[in-house]
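Since this is a predicted model, take the numbers as computed values, not measurements.
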There are 2 protein chains.
Amino acid sequence: MTIPLPGSQVRGSKTGKPIMALLDLLGRTWALGIIWNLHSGPATFRELQQRCEKISPTLLNTRLKELKTLQLIEMKEAGYQLSHQGVDLFKIVSPLGHWSSQWAQALKEESE
Amino acid sequence: MTIPLPGSQVRGSKTGKPIMALLDLLGRTWALGIIWNLHSGPATFRELQQRCEKISPTLLNTRLKELKTLQLIEMKEAGYQLSHQGVDLFKIVSPLGHWSSQWAQALKEESE
DNA sequence: ACATCATGCTACAATATTTGTAGCACAGTT
DNA sequence: AACTGTGCTACAAATATTGTAGCATGATGT
């Protein structure tokens, strides 16, 4: 799977619009999960594997390469961590944490 | 693939935390793309297929079922549309549109 | 009544992605 | 020199996605 660079064709769009590249990226298994799990602080490869519970090293490495290329994460002494842009991205999606709780509650009440 | 109901085990987590169910859902191919494309208004199955450019009917239907079950979209006279909760979710992720442009710009400058 | 059209959607084989297990290569300790 | 922990690769099995064809139903026209 090619890395969804903004400006190039991606899954779901020939236009190369940045949002399409981003949706392609975030729509890949574990991409958002990795960003979410890195938010709590830098992690080594193996620790990140554990935070993600069930990710295979093969896929983790694939995603890390993509996220590095797209400058959302970076590898420093402390391990992998969100880059400046990664942090910005996380800030946008972070309300999902709270929203998902309410959503779960609504689904639960519905089923009663 | 089972539908990531909050409270049940999902890819990446045994805890069933709502955020994990949500990340599982949004991490599936096209899930975010469908929500994004529905934001501009209701669409019939075939029109949605076109908005998504390259989605297969098989997958579109699979995702629509998931999103319906999770009450993010609903099917009315006008076609498929975001539910109340779907709209809320979209509101959270909508800043990604603007953010992705800046991100693309930064990547571009980097490569010069 | 009958053909024509558009709709939502399914069937299914081909293809691509993801998982899971094992383990290599390297660096720092003991 | 063995023992740890690290990042990461190999590769086959399992699973997800695509692409094409087309069915079934309902509305519209003749």
message: Give me each pair satisfying ring-ring contact (aromatic ring centres under 6.0 Å, His included) with a member in residues 42-89 of chain B, each pair once, sequence neighbours excluded.
response: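 Listed by first then second residue: nothing to list.
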- prompt: If you check every side-chain atom of A:I55, which of C:dC9, C:dG23, C:dT19 has the closest atom?
  reply: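 Closest nucleotide among those given: C:dT19.
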- line: In short, B:C52 meets B:N37 closest at the heavy-atom pair SG-ND2, 3.3 Å
query: Shortest non-hydrogen contact from B:A31 to B:L67?
result: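 Closest approach of B:A31 to B:L67: O-CD1, 4.5 Å.
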task: Determine the sole option in A:I35, A:L70, A:L82, A:L32 for which the side chain to side chain contact (heavy atoms under 4.5 Å, CB included) test with A:L89 is passed.
output: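 Exactly one candidate clears the test, A:I35.
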- request: Would you classify B:T62 as touching base, sugar-phosphate or nothing, given that sugar-phosphate means primed atoms plus P, OP1 and OP2, and contacts are heavy atoms under 4.0 Å?
  value: nothing
task: Scan B:R11 against the nucleic acid and name what it touches under 4.0 Å (heavy atoms): base, sugar-phosphate only, or nothing.
output: nothing
- line: Residues at least two apart in sequence or cross-chain that pass side-chain contact (heavy atoms from CB on, under 4.5 Å) with B:S56, listed by chain then number, are B:T58, B:L59
task: Please tell me which of B:R63 and B:P57 maps to the more 5' nucleotide of DNA chain D, matching each residue to the nucleotide holding its nearest heavy atom.
output: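 Comparing both residues, the 5'-ward one is B:R63.
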message: With nearest nucleotide decided by heavy atoms, which residue, A:F45 or A:T29, maps closer to the 5′ end of DNA chain D?
response: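 Between the two, 5'-proximity favours A:F45.
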- prompt: Is B:S83 reaching over with its side chain to a backbone N or O of B:E74, donor-acceptor style, under 3.5 angstrom?
  reply: no
message: Need to verify one output field. Residue with the more 5' nearest nucleotide on DNA chain C, B:Q49 or A:W30?
response: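 The residue whose closest nucleotide sits nearer the 5' end is B:Q49.
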Spacing of [X] atom [atom1] relative to [N] atom [atom2], expressed in whole Å:
| X | N | atom1 | atom2 | result |
| --- | --- | --- | --- | --- |
| B:R28 | C:dT17 | CZ | P | 18 Å |
| A:K65 | C:dT18 | NZ | C1' | 15 Å |
| B:I73 | C:dG8 | CD1 | P | 12 Å |
| A:N61 | C:dG20 | CG | P | 17 Å |
| A:L25 | C:dT17 | CG | P | 14 Å |
| B:Q50 | C:dG8 | CD | C1' | 14 Å |

statement: To the nearest 0.5 Å, atom CG of A:L38 lies from atom CD1 of A:I73 at 6.0 Å
message: I'd like the 5' and 3' limits of the part of DNA chain D contacted by chain A, with heavy-atom contacts below 4.0 Å.
response: D:dT6 to D:dC11
message: Please confirm whether the shortest side-chain N or O distance from B:Y80 to OP1 or OP2 of C:dC9 is below 4.0 Å.
response: yes
